[in-house]
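Let me begin by presenting the structure, written as structure tokens, before commenting on it.
Just so you know, these numbers use all the heavy atoms, side chains as well, and skip hydrogens, waters and symmetry mates. None of the values given here were measured: they were computed from a predicted structure. So that the names make sense, note that chain A is the first sequence line, chain B the second, and so on, each numbered from 1.
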There are 2 protein chains.
Amino acid sequence: MSAERRTKQQAAIERTITASKRPLSPGEVLARARRTSPTVGLATVYRTLKRLEGEGTIARVEISGQPTRFESHKAASTHHHHFVCRVCDRVFDIPGCAQGVESLAPDGFSVDSHEIVLFGICDQCDNPS
Amino acid sequence: MSAERRTKQQAAIERTITASKRPLSPGEVLARARRTSPTVGLATVYRTLKRLEGEGTIARVEISGQPTRFESHKAASTHHHHFVCRVCDRVFDIPGCAQGVESLAPDGFSVDSHEIVLFGICDQCDNPS
DNA sequence: GTTAATGCAAAAGCTTTGCACGCGG
DNA sequence: CCGCGTGCAAAGCTTTTGCATTAAC
């Protein structure tokens, strides 16, 4: 039998994502995870992200024209969506959900989840102080 | 002055996308465009897709864990969204839109567009005949 | 005729994989 | 100890870029 091992690197990577308020790209995860586990390599980041995604611990957030990012599924299970600022390219979590989203599917199609992404300008970019 | 030239290749690529009922990846676009313009290369496909996207003629459709696809903006301007089948990985256009989507944004954030993606099982995969 | 666009091939990213070593259990 | 996970480097992909040639205008 094969048992799964919980290593320091994996813990550092998982903590990195859990601690972040917003989705992070693999490169950002690497940089932050190295603060607590300096020898960690990019390959391990990718392997761990894939594993955590498979376990449902984290979720992949992929947005048109943006690099792949990952966020804690704790945030994801508090059902929420994303806002992408066209000016600064940052991605923000937004709470709540629209009415009747899943009923958009055609007859015979069963929906098990959905994503909503809003595009626009965030408050900071809209009000340059 | 630099004038833009409308070439046969560009026309073939644009037609390919306009004629397709669903979003196509660059590789699929290449294969289909070659049916009418056999010498066209992948670099030209990418260059033309980028140009058409910039003009607003086509729209990029990017979905978690899927290759990048493009579709005619004619379809896109008939406001619609996408359904991704988890079994066969195909992407379907779905008409209509949910209520109050844009009001999800926090105060101070202005929304200019949005995307909705439903995940589930399509009718064919749900009813294996 | 000019010169933008093409097509090839090389390059640049990003992500995955092979392998010897080290650490977790 | 046994063997999974790591770290490095090499390989695989997708997408972009450089350059000589072709073809729009």
Practice problem: With heavy atoms under 4.0 Å as the rule, sort B:P26 into base, sugar-phosphate or nothing. | Solution: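 The answer is sugar-phosphate, as B:P26 gets under 4.0 Å only of primed atoms, P, OP1 or OP2.
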Under 4.0 Å between a side-chain N or O of [X] and OP1 or OP2 of [N]?
X	N	result
A:T39	D:dT6	no
A:T68	C:dC14	no
B:K8	D:dA23	no
A:Q9	D:dG7	yes
B:Q10	D:dA24	no
B:R6	C:dA4	no
B:T7	C:dA4	no

Quick one: [X] [atom1] to [N] [atom2], roughly how many Å, whole number?
X	N	atom1	atom2	result
B:L49	D:dT16	CG	P	9 Å
A:E4	D:dT6	CD	P	11 Å
B:E53	D:dT16	CD	P	10 Å
A:R5	D:dC4	CZ	C1'	4 Å
B:R47	C:dA9	CZ	P	14 Å
A:I13	D:dG5	CD1	C1'	11 Å
B:Y46	D:dG18	OH	P	18 Å
A:L30	C:dT15	CG	P	12 Å

Would you call [X] and [Y] a salt bridge, taking side-chain N to carboxylate O under 4.0 Å as the test?
X	Y	answer
B:D93	B:K21	no
B:R51	B:E4	yes
A:E55	A:R6	yes

Quiz item: Does the ring centre of B:H114 sit less than 6.0 Å away from the ring centre of A:H81?
Solution: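 For A:H81 and B:H114, the ring centres are not under 6.0 Å apart.
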Quiz prompt | is_close_aromatic(A:F109, B:F92), centroid dist under 6.0 Å | solution =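 Centroid distance A:F109-B:F92: below 6.0 Å, so yes.
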Quiz item: From the list C:dG25, D:dT15, C:dT15, which nucleotide is the closest neighbour of the side chain of B:L42?
Solution: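 Minimum distance to the B:L42 side chain belongs to D:dT15.
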